[in-house]
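Proteins come first, then strands; the chains are lettered A, B, ... in the order of their sequence lines, and each starts at number 1.
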Number of protein chains: 2
Amino acid sequence: MATRARNTDRREDALSRDRIVAAAVELLDAAGEGGLTFRALSARLRTGPGAIYWHVANKGELLGAATDAVLAGTLLPGAPGQTPEQAIREIALGLFDAIDEHAWVGGQMSRVASQSATLRIFERIGRQVQALGVPDEGQFHAASAVLNYILGVAGQNAANARTQAPGTNRTDVLGAESAIWERLDPAEYPFIHTVAGQLRDHDDREQFLAGIDLILKGIASRP
Amino acid sequence: MATRARNTDRREDALSRDRIVAAAVELLDAAGEGGLTFRALSARLRTGPGAIYWHVANKGELLGAATDAVLAGTLLPGAPGQTPEQAIREIALGLFDAIDEHAWVGGQMSRVASQSATLRIFERIGRQVQALGVPDEGQFHAASAVLNYILGVAGQNAANARTQAPGTNRTDVLGAESAIWERLDPAEYPFIHTVAGQLRDHDDREQFLAGIDLILKGIASRP
DNA sequence: ACCTGAACACCGTTCAAGT
DNA sequence: ACCTGAACACCGTTCAAGT
């Protein structure tokens with residue numbers, strides 16, 4: 001029999017939860033939500049579909065882990081001299097950019113509210129809300145308003161990505177089909193018709209931040 | 001050959017898009033998102049799966065139509081003497097109640113942003129934003145902040161419903177597992193730990209409305 | 001302990017055939 | 001024009017068997 005090193009004799013390409021999750025993220029990025037399949041995943045990892053189940057309980061857990069992996073990368077330390085408002089904007093923008101890059105994440109965030117990454121995001125937002133001087137009873141309301149707004153935008157972006165070809169990059173806060181909006185009957189949809197022009201060449205990031213600022217103003221203007 | 005009446009000779013139980021959508025809603029209500037199947041649906045309608053495709057293009061369209069059908073019922077005329085704030089609260093609460101009753105709707109709303117019901121909701125919100133006297137350039141931002149917040153809460157509710165047994169009725173704005181929250185390490189999650197108590201016996205509707213009011217205050221407090 | 005891959009139960013969707 | 005239901009291609013998941 002061959003002598004074997006005592007410490008590192010695992011195969012270099014051995015399967016692991018991390019490798020599986022990383023491959024899942026790649027698959028999701030490349031082909032969208034429909035692209036993540038145990039068959040496609042096992043083919044990419046050069047193994048059988050059953051092998052994955054040794055490391056991951058089921059597809060739901062895999063999607064949650066993939067979402068968590070992407071979101072975890074968005075939580076930067078946070079610059080030292082920031083105001084709470086700036087910090088919240090930074091957290092929100094970090095999420096926005098991650099969702100912009102991995103559109104499928106937006107559709108998964110709300111399905112995993114108790115998952116670690118979302119919990120950490122909520123914690124971060126909450127601390128800044130405390131730093132803003134919001135009284136105790138209002139802190140939960142304020143922090144969840146911010147988070148729910150972010151989740152809403154995230155879901156929209158994922159929905160838009162679904163309707164477009166996977167791989168294409170287009171992010172938008174609301175439907176984004178200004179072409180459709182402009183064609184709506186102005187008598188039935190006067191508001192949307194008026195506003196359709198603003199939609200045509202608006203910046204999604206700015207639009208997103210404007211909503212955050214609106215909520216921040218609401219938080220600040222309590223009696 | 002038998003004589004046939006000229007006008008009404010269609011079978012009473014003839015298939016129609018409306019009947020299909022209504023049955024889909026019932027199935028979704030009873031068994032959750034996983035319960036809607038072309039086989040289950042066709043069994044309930046006493047026909048073959050292929051028959052449904054004569055009236056509906058595919059499952060995505062069916063889900064969209066079911067969502068639209070539920071949402072359409074939430075758009076009441078609106079009381080005459082209302083302030084714009086009251087009108088927005090009423091629209092939001094109507095949606096909240098619909099989503100509370102049909103949890104799966106929350107997960108579908110963002111996938112169909114350009115669908116008729118969501119468009120009408122956005123239109124309604126937008127008109128109230130105009131009535132609030134928001135200047136033109138700010139109207140789109142303000143209305144989509146409100147809608148995105150609602151969509152975020154809706155998605156959360158749907159996610160919570162998914163984790164619980166289908167049929168059970170429990171709605172919550174954020175994870176709602178205060179039991180889990182209280183068990184989190186207070187050193188790592190000081191904010192969530194502090195706030196977990198407030199979560200235990202809070203009213204979901206009130207919590208939801210508090211977020212709406214926060215955004216309304218933000219809209220009102222522009223310089 | 002970890003991996004393999006055939007097999008199972010179930011999907012959405014199509015389509016030739018019927019009325 | 002509308003319905004029927006078998007058939008197709010594809011899932012997620014399991015599990016006996018291997019190393």
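Here C:dT13 is the nucleotide among C:dT13, C:dC3, D:dC3 with the atom lying nearest to any side-chain atom of B:Lys59. Comparing atom distances between the B:Tyr53 side chain and each of D:dA6, C:dG12, D:dG12 picks out C:dG12 as nearest. For B:Ala51, whose side chain is taken as the heavy atoms from C-beta onward, the closest listed nucleotide among D:dC3, C:dC3, C:dT13 is D:dC3. Between D:dG12, C:dG12, D:dT13, one nucleotide has an atom nearer to the side chain of A:Arg39 than all others, and that is D:dG12. Among the nucleotides C:dA1, D:dT13, C:dT13, the one closest to the side chain of A:Phe38 is D:dT13.
Annotation: A:Phe38 is in aromatic contact with A:Tyr53 [ring centroid separation under 6.0 Å]. In this structure, B:Phe208 has its ring center under 6.0 Å from that of B:Phe96. Outside the 6.0 Å centre-distance limit, the rings of B:Phe191 and A:Phe140 are not counted as a close aromatic pair.
If you find the closest nucleotide of DNA chain D to B:Ser16 and to A:Gly50, the one lying nearer the 5' end belongs to B:Ser16.
Within the shown strands, D:dG5 is the pairing partner of C:dC15 under the Watson-Crick or G-U definition, both distances less than 3.5 Å. In this structure, C:dC10 makes no Watson-Crick or G-U wobble pair, since no nucleotide meets both defining distances under 3.5 angstrom.
Applying the 4.0 Å criterion to OP1 and OP2 of C:dC3, one finds that A:Trp54 has every side-chain N and O outside that range.
With rounding to whole Å, A:Ile20 atom CD1 is found 12 Å from C:dC2 atom P. Between the CZ atom of B:Arg17 and the C1' atom of D:dC3 there is a distance of 18 Å, given to the nearest Å. Following rounding to the nearest Å, A:Leu41 (CG) and D:dC10 (C1') show an atom-to-atom distance of 16 Å. Between the CD1 atom of A:Ile52 and the P atom of C:dA1 there is a distance of 21 Å, given to the nearest Å. Protein atom CG of B:Leu45 is 15 Å distant from nucleotide atom C1' of D:dC2, rounded to whole Å.
Residues B:Glu33 and B:Gln108 form a side-chain contact, since some pair of their non-hydrogen atoms from C-beta on lies under 4.5 Å apart. The shortest side-chain heavy-atom distance between A:Leu93 and A:Arg89 does not fall under the 4.5 Å cut-off.
Residue A:Leu36 is in sugar-phosphate contact alone, with no base atom involved, counting any heavy-atom pair closer than 4.0 Å across all strands shown.
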